[in-house]
Structure formats: C-alpha cells, structure tokens
> 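I am attaching a structure below and will ask some questions about it afterwards.
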Amino acid sequence: MSNSESNESDIPNRFDHATAAARIVQAWEAAGCNRATVNPDRKPFTIVIPPPNVTGALHLGHGLNNTLQDILVRTRRMQGFEALWMPGTDHAGIATQAVVERRLREQENKTRHDLGRDALVARIWKWKDQYEARILGQLKRMGCSCDWERTRFTLDDRCAAAVRATFYDLFSQRLIYRGKRLVNWDTFLQTAVSDDEVFNETTQGHFWHFRYKVINPQRGEPLEVEIATTRPETMLGDTAVAVHPDPEAALEAAEKELLEKLAVAPEKDRPAIQLQLDDLLSRRETMLPTLIKLRDMAMSGRHVMLPLMNRPIPLVADSWAKPELGSGCVKITPAHDPNDYEVAQRCGLPMINILLTDGTLNSETGPYQGMTIAAARQKVVADLDSLGQLGEIEDREIELPHSDRSKTPIEPFLADQWFVKMDSLAQSAMDAVTNESVKIFPVRYRKGYLDWLGEKRDWPVSRQLWWGHQIPIWSSLKLSDTDAKALTAKIAKITTEAGSITHQVEEDANGNCQVFVCLRREDANLETAVEALGLIRDPDVLDTWFSSALWPHSTLGWPEKTAELEYFYPTSTLITSRDIITLWVARMVLMGLNNTGKVPFSEVFIHPKILDGLGETMSKSKGNGVDPIDVIDKFGPDALRFGLAWLATETQDVRMPVQYECPHCEKLIDQTKKNRSLPRIHCNHCGGDFSTQWAESADDLALQRGAVVSERFETARNFVNKLWNAARFTLMNLTDFKPVSIDRDCLPLEDRWLLSRLATVTGEVTDATNHYRYAEAARSLYDFAWDEFCSLYVEMAKSRLSDPLQRAQTQTIIAYALDTLLRLLHPIMPFVTEEIWGHLGKAAPSRGLEKQVTAVPFVMRAAWPTIDPRDLADGNIQRQFSVFREVLGAIRQIRSSQNVAPREAVPVAIHCDRAIEDLLTPMRPLLESMANAEVLNLGPTATAFEIDAPLSLATLGIEVHVDLSRFIDVGAELERLERLLGQIVKQIVSKEQKLANESFVSRAPEQVVATERQSLQDLLRQRESVTGDIERMRKRS
RNA sequence: GGGCGUUUAGCUCAGUUGGUUAGAGCAUCUCGUUUACACCGAGAGGGUCGGGGGUUCGAGUCCCUCAAUGCCCACCA
C-alpha cells in the first residue's frame, strides 16, 4: 500500500478483502449471526437453497443464484425477521453416478459391474464428500449467510425418511403404480432416463425401404406392401403394418391444409409448397386405390409375412399411418418406438422387446441374438437384400435422441417402471398458482408451469441406477391366485407397529399375480421378515427429483412434526433459474401440498441466466463455467456480489465475456469455443503455459493454474474501493467525534438535502428488494453513494469540517449518513460494510441525529434503516439543491472549456433573482471551495465581466459569469459559444414547430403546453444572450 | 410447428403509467495528483432506439408486419 505509511490514519487506502473476509466470516459464525431458531417473538422468513448438484464445483450461475438469495435473507434479517437460509446439496442421481463411472472407466478402465453396487456407491460417497466440501466452501467465501449447522443432503437420513414416508403414502393411495412403459433407454448407463434428460442431435443416416409379402394375395390385391425405416433392425420386433383407415379423407385433409398454407405463404416459399401439392395430387392417382384396398384387407384381418423372422403380422387400420408420406404404410414396432407403442395400445397388438439392457439383441431375434444394434442393422439390410425385399436406400439427416448424461444414442425400450400418477397432484399444483397461493415472478413464467402440469403426464420415478434412494418395494415372483393369497396372509401376520408396512397384489391378463410390499421406514428386522417370505427388493432407485421435490419440508424434519417445521414452513421465497421450473418447482408444489397440505413457498423468483461471451449458458459440461472463487480472489467477494446484482435485470440474461488470466504475466486471454475446454493454455504474451480447471494429467497439474475472470467486475471492485475511501475520509474526520443533537429545522440546505436523499434511497432500495429488482437496488445505491454522497456531500463536508462552528454538526450527520449507507449496502456487500462498521464503531460508537444510540457490534445484525417522514416532507429540497448543483456545474464547465488550471481560482458573478440569491448565499463558501472560484457578486445586480465566459441556466433564470481576463482563449470560447448557439437554435425550431401545431395546443394537457411555452421563452432569451456574447467575442479577435 | 424473450452509444446494459434535449459502466478525447480514493477528480465527443407500417397532438415506450437472435416445449415411419 503506497499510502499506508501516512500517519493520518491507520486504515490502508485499499480494502484488503483477502484477509478481512475470512476474519469476518469467523466473527459472524462465532457470534451466531447466521443462526435461526424458533422464536415466537419474531416472524419467520425462510428460504431453502436450490441444492447444488454434487457433480462438480459451482460456477457463476450458482454465484448469481446464491447472491440473490443472500441479499434477500440479509435484508429480511435486518428487518427483524427470524431469517433462516437452509443450505444443502443434491445427490443428483444420474449425473453424479455418470461422472464417477466415467472417471472409473478413464482412470482404471473398469465398469461399475467390475466394482459391484456397494463399492461403487462407496466411491460416489467419497466423490460427494469432496465436492460437497468444495461447494459449501465456495458458498461461504461468497458470504452466504446460511445456517450451516442445518446443512442437509438429499440422500441423508432425514431426507431418506421423508422419501420413504412419501413413497409409502403415495403407494397406499395408489398414486404410485407399476407399469410397462416405453422408456428412453440409455444403453451405456443401462438406465431409463426421463424425457427431460434427452437431447436431439442431427446425424447423417439412411432411410431404407423394405417390401413385406402379403400372405395369400387375392386377385387384384397387391402382392407386397412397402414400408420404410431409419432403424432396420427394429423390424425384428414388428408386430403389424398399419395403413390409414380412411386414406381418401386423409389425403383431402392434407391437400386442404396445403392450399391454405399456399394462400398465405410468402412468394419465396410457394414453389416448395406447390411441389408438395403436386405430389399429393399424383398420389391420389397412383396410390389411393392400393391404400383403399390395403385398408379393406386390414379390416378383414389379413396378414403380411414379416421376412427374416417368418412371422405373420396383421395389417391394421390406424390413423398414425399417413397416406401423404412414403408408401402410406408404416411398420409397427411397439416396444421400440413411442408412436408405434400408441398404435399397439389402440389396436391391441403384442409388444416384442428385442433388446437386452446393454443394447444387444435378445432371444426374440433368433439368429441375430447377441449382436449389437449396429451389427444387426447391417445384417438385416444384407439379408433382406439377398431375399430381394430391399428397395431404395435414401440418404437423410436424422434427428437422433441422445442421453444427456452419457451422450450416447437413446433406444426406446419397453420396461417395468414405477410411476407417480399426476392427475390430482398436478391439478393441486396448478390450482396453487392460479389462485396465487404461489406467485411466480416474473409472471410470464406462469404459463410454462401451467402448460406443463396441464398435460398431467405420469411421472416415471424409477431409475436403473445404484446412486440414489432405493425404491422401498419388495416384490414376489408371478404367483397363482391362491399362492398370492397365502403370501398376503403371511405378510399380514408380520408384527410391527401400525402403518409401517403395506402391500398390493397385481394381476396380469393371464391371471398371474405379483405381490408388492412397501415399507415406510428403514427397519432391518422388518426387511429380514419380508425377505424371508421370498420377496425381493426392487434394485432400482428413485428419480433424483423425487427427493428434491420434498426439500422444503424434508429439511425441516417432516414427516416428524418438529417445531422447526411448524415455525419455518411454509417457506417464504424460492429463488431459482428458469430451466427447472417444471422439473423442480412444480414438483415441490405438488409434493408439498400432498405431504403437508400447504404450499412449500408463497413466492418464486426466476432470475436471469449467466451467459458467456458467445451467448451460451454457463455449464460444467461446456467448459465455460467460471469459478466464483477466481473472481473473488481477483476482485473480492463484495465485487462479485455487487457485480452480479448490478447485472441481474428482469428481462435480460447476463452476457459475460470471460478471460483467462495468465498467472505468469497477468495478461488476459479471451476465452473462446476452442480454448475453453483445454487442460493447458499457452500464453502468447510471455510464452508461459498454465493449467485450467480441465487439467487432469500430472504434467498439466504441475503447472500454475490460470484463473478465469471477467472485466465486468471492475466497476463493482471500483465501487467497493470508493465506499472504502469515503469511509476512510469520514473516519479520519471523526477522531475528535462528540455527537451533537440535531435539530432538523435548523439544518442548512445541504444537510436537509442529504437526509432527504437518504430517506428516498432507503425507500427505493427497500421497494426494489421486495420486488426482486436487484439491479435497481444496486444501481440506486451506486448512484447515490458515488455521485451524491462522495462527489457532493463529502466534498462539501471538507470545508464545513474545517469550520469550527460547523464541525460537530457535520460530523454527526456524516457519521449518520455513513451508518445508514452501510446498512443499505450490507446485504449486497457484506464484507466491506462489516469491516467499515467495525471501524465506525470505534470512532463513533454512539451515533444518530436527535438521539444517539450505541451501535450493535455487527452491521449484519443492525436494523434496516427506517424512513423519517420529516426527511421526505419538503419536496422542494431536491429542487432547491439542484440549483446549487447547476451553478456549480456551470462554473466547472466554463473552467474546463477554457482550460483553466484547477489550482487557479476564478472570479465569478452570478446573476439571479432574490429567491435564488437567498438560497445560494449561505452556500457561497461551498461553491467557492468546490469550483475553486471567488464569488464576487451574487444577485440581481450582478453583471458580466469585461472579458467574460457566460453560461445561462435559462430555466432557472440564472446567468453565471466567469472573469476570464487572465485566462481567455478567444478561439476556444468562440467555438464553444457557437456550438451552444447551434444547440439552442435546434431546440427553438423544434419547440416552435410543436407550438405552431394547432392540434397539439388544443389537445395536449394544458400543463404540457404551458411547460413548452415557458421553455421556448427561456430558449429565446438564451439565444439572445449567447448571440450577444458571440458578437462581443468576435470584436476581440 | 407452438410458446416465451431479446434487438437502444464502439462494447455490456438501464429506460416506471406514452410527455422537456434518450441514460449508466467500460472504451475514446482534453485537463488534472486541490490532505478519502489514479480501483481517483473535472469536463467533452459519441445514438434517425433492428427495418417498414399504424394509433396518437405527441411513440424507445402501444398495435400490426418483416428480419435477426436466444431459450423452452412438441414433432419428425
């Protein structure tokens, strides 16, 4: 610190966040500042953290999410609420297991089956411990004021108890059921993944045409039907060929639709549509008779022969077959295609699964058994070719579904799964939002929530994974009716406390029964008893969102009726990102309602997303995630938080270009698509190499790590410094502080102005925070602190503090102002405000205006500022003070335009009316010190100097004159005046036009017209005066 | 295909219920270390508010339309 040796103060001129932050966190924790306990004397305010996945470290997206939560929690805590922020992390089933399995493969070349279930799960726990610690550490360094002693994990005992209870209750209500359903099968992870975990990728593929022979064709009937597919091997599982039940009507409908489209289509799209239309018309000629014939054959139960398998399969009539596409016929593979599955359900077709869980073909496929999908595809095509049943092969782009977790192609797969019936549960969650017991901000997100729930699609909750809450179901083999009865009788005899075991019997179409037992609690004895009856536990685990859905009440102790649950639940607000509104928010609402009868939170705030410089969302997998710790190390935690809050506006995502910082030469290197996932970066500036977050090899890890930062935090860092130094100035001037009691009525204008601004800003910030307008709160504070408190009040205070008559009063007010500012800024910038608060507490332990009160030790626990109505009562204060600002600005502008050196005092005359004279007279010393001026004359009698630079503040009726005889640069002055005249004339023209417009004068409100007239008058006067100045100046040149 | 956003200064973004000359930060230019701060101070330049049309006395703001761009959902034998 260059100036730290100065003996004015023992406070350095930079806030040393690196050492202060850790000390402050420790002090808060030691004093229990973060703790929230059941306290009937206060109203509770609760937020549960969206538990970060333990898959990896947090990035700036989490940084924003948690900053916004902390700002709200800290504000409410200061407002006197018993504020609880519940922390924790999510086990993130598939994602975490996939990460650990991938490492296992990469580093040890082993699969999970090599390890076995218990060993793999143990490894994942280790991983979890490592990343949970890292995540919690990141949150702590960001200053998050969570009640850390309550930290939960979605897979811990308490959450497990909630999951078991919920599953048991839903099972008992028959809201959880077992069904054979087509699921998205990830053949790599060997698990079903939900629709939400599937993404489509366009790849080059083929479209194969096959011909199936009609069995016993009659005269006039086609001998073959043609079908086409992108996945030939699935034909092994075909159970029908479909044709439209009314091909003629379907073609007509398609034609009508195209004609309508043609009518409204823009010129350039028309040829393409016309082409389709022509194709449609030719189909009527060539194909319709055949399709009608096939339809009739379908109606009379005719079959075609499935080649290779030599299995007769029926022709069926179903509208899924579109006569306007392909041959008009479509093969039906119910077990491996979602649409075909629907057809099979409608037509009562058998479903043949041809795959094993690892993606190889099973025994249903005869000679193809054991082959991979790719191999089977080749062989099927070759075999059909040799049979002469292969037709055309087209090249085509295919949208192929991929698993988001393993990045491998998805195979639709028929499997036994557990489902949650969504009907009534979804409805309850929809009602909660429509009747506003849950309010979503911004409101536009309501629609997505309601639409998604409105589909009421049942929720498949089982996952074929090892990491997660194992489904608490034990099932029997398929039994006869009598055996099942005998078994249930035995189950009924198991002695245990009521409500901890239940069972259901499921009977299939063939009369076989299967018994399912559900246990409500983890209980080794009970499990042994159940297993002794030959029942086997379902190996699957629950979808990770099942436990996340319980988070707001499970973390507070449900299903136990704890005092915490009673007091802190329902929670107040949920702050999260838009991509999990359906997956998480909706499910929390319905589970909360189902389990507790109450909504889990009354408000939901959806914040923007952080995008990188290319406009892509930050994510671990893309490699563009920025570790908040990097930003904290470089700029400090307060700058991180303030920067994020400043950027978090309502409508716009946050674009944040990021750079690598070379650890050797500190040169910034832009992060690009190319370099963002490299383990090692070469610095072209200094020639050194450094490692990144992707470094894994020993060589790379040995390098120094390069931080990833963004210049967009500089503004915030500078602001922290500005505040720090304003405080430093204040503290330096409080060494002899003895507070005096302030009488508001006797205060000079500048003090009344400051108090009025403080009250206004308090109102703005409170209101903005209440409505989640964080950027507005941050901007309001920034502008006030920098432009008004620092640039004006502190500057004014300098001369007043040196005046013995004014010193004590000024000290009292500036201490009060700093105190208020620290409270207002604390939720956004907790560290620097706490540090200053500590210093202020030493210099001015007791402070206030009328009455002095001893400050509490932590600003974190200080009361939120309240607004004294007297500070807002006089609406004129701001206007009056702006006169001072205008005059000050005018003198400074003239000085600058004339290149008058700052150290040179200039003589000034201010021509104005009596009222303004009265206003400005007491502020004359301030004007003189802040503009380095000497005010020679002030009032109606003030006149211009002989060599003058005038500036007319027309709307105020003020003319500011500066004597330039010692400084004049005629050329520069002429240039300035002429530019000014140009601006004035432009405005006069526009005003005159406006006022010459008859309809404006007659229709616009009187007030508006009057203002326009007045300002035209002012402008005319100003023109006159400037013209005169120019003439005078010309004479001199 | 459906839904929701976005387009304002070189860059990143504000802009309340339509109403004086559209704002901020960064960048640029000029001057400057006057006892808080060069992570600073004083000042300046820079915008036909994506294009077109409409409503209105008056449009960055409301309506229609076109274009670009992003996200979500659905679908594609």
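Residue numbers begin at 1 in each chain, while the letters A, B, ... track the order of the sequences.
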> If I pick the P atom on rG58(B) and the same atom on rG53(B), what distance separates them, to the nearest angstrom?
15 Å
> Under a 3.5 Å cut-off for both distances, is rG1(B) Watson-Crick or wobble paired, and to whom?
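Because both required distances fall under 3.5 Å, rG1(B) counts as paired with rC73(B).
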> Under 4.0 Å, counting only non-hydrogen atoms across every strand here, what does Tyr782(A) touch: a base, just sugar-phosphate, or nothing?
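Sugar-phosphate, backbone atoms only, no base.
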> What's Trp724(A) touching, base or sugar-phosphate or nothing? Going by heavy atoms closer than 4.0 Å.
nothing
> To the nearest Å, how far apart are Asp340(A) CG and rC75(B) P?
14 Å
> Taking atom P in both rG52(B) and rU61(B), compute the distance separating them and give it to the nearest angstrom.
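About 13 Å, rounded to a whole number of Å.
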> What interatomic distance, in whole Å, is found between C1' of rG60(B) and the corresponding atom of rG47(B)?
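About 11 Å, rounded to a whole number of Å.
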> Distance between the P atoms of rA36(B) and rG15(B), in whole angstroms?
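Comparing P positions in rA36(B) and rG15(B) gives a spacing of 36 Å.
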> If I pick the C1' atom on rG54(B) and the same atom on rC11(B), what distance separates them, to the nearest angstrom?
34 Å
> Considering only side-chain heavy atoms of Thr715(A), which listed nucleotide, rA77(B), rC26(B), rG43(B), is closest?
rC26(B)
> Taking atom types as modelled, find out whether Asp787(A) and Tyr782(A) have a side-chain donor-acceptor pair closer than 3.5 angstrom.
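No - no donor-acceptor pair under 3.5 Å links their side chains.
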> Please work out if Ala228(A) contacts a base, only the sugar-phosphate, or nothing of the nucleic acid, heavy-atom cut-off 4.0 Å.
sugar-phosphate
> Is Asp638(A) paired with Arg717(A) through a side-chain N to carboxylate O contact shorter than 4.0 Å?
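A salt bridge is absent here (no side-chain N lies under 4.0 Å from a carboxylate O).
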> Quote, to the nearest angstrom, the C1' distance that separates rU30(B) from rU12(B).
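It comes out at 25 Å once rounded to the nearest Å.
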> Counting any heavy atom closer than 4.0 Å, what does Arg779(A) reach on the DNA or RNA strands: base, sugar-phosphate only, or nothing?
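Sugar-phosphate contact only - Arg779(A) comes under 4.0 Å of backbone atoms but never of a base.
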> Using purine N1 to pyrimidine N3 plus N6-O4 or O6-N4 for Watson-Crick, or N1-O2 and O6-N3 for G-U wobble, each under 3.5 Å, what pairs with rG43(B)?
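rG43(B) is paired, partner rC29(B).
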> Using a 6.0 Å distance limit plus a 45 degree cone around the ring axis, check whether Arg779(A) lies over the aromatic ring of Trp646(A).
yes
> In Å and rounded to the nearest 0.5 Å, what is the CG to CZ distance from Leu792(A) to Arg885(A)?
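That separation rounds to 5.0 Å.
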> Within the 4.0 Å heavy-atom criterion, would you say Lys447(A) contacts the bases, only the backbone, or no part of the nucleic acid?
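Sugar-phosphate contact only - Lys447(A) comes under 4.0 Å of backbone atoms but never of a base.
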> So does Lys331(A) pair up with Asp238(A), basic N to acidic O under 4.0 Å?
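Between Asp238(A) and Lys331(A) there is a salt bridge, with a charged N closer than 4.0 Å to a carboxylate O.
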> When the distance from CD1 of Ile581(A) to C1' of rC72(B) is rounded to whole Å, what number comes out?
9 Å
> Leu583(A) CG to rC72(B) P: how many Å, rounded?
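Between P of rC72(B) and CG of Leu583(A): 11 Å.
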> Nearest whole angstrom, please: distance from the C1' of rU35(B) to the CG of Asn13(A).
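In whole Å, rU35(B) C1' and Asn13(A) CG are 13 Å from each other.
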> My understanding is that a pair needs two contacts under 3.5 Å, Watson-Crick or G-U wobble. By that rule, which nucleotide pairs with rU34(B)?
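Here rU34(B) is not engaged in any pair, so there is no nucleotide opposite it.
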> Specify the separation, in whole Å, of atom CG of Asp318(A) and atom C1' of rA77(B).
13 Å
> rC73(B) C1' sits how many Å from Glu455(A) CD, rounded?
8 Å
> Can you tell me the pairing partner of rU6(B) across any strand shown, Watson-Crick or G-U wobble, with both distances under 3.5 angstrom?
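Base-paired to rA68(B).
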> When you compare rU8(B) with rG45(B), how far apart are their P atoms, in angstrom units rounded to a whole number?
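Comparing P positions in rU8(B) and rG45(B) gives a spacing of 23 Å.
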> At under 4.0 Å between heavy atoms, what does Arg717(A) touch on the DNA or RNA strands: base, sugar-phosphate, or nothing?
base
> NA contact type, Glu764(A), heavy-atom cut-off 4.0 Å: base, sugar-phosphate, or nothing?
nothing
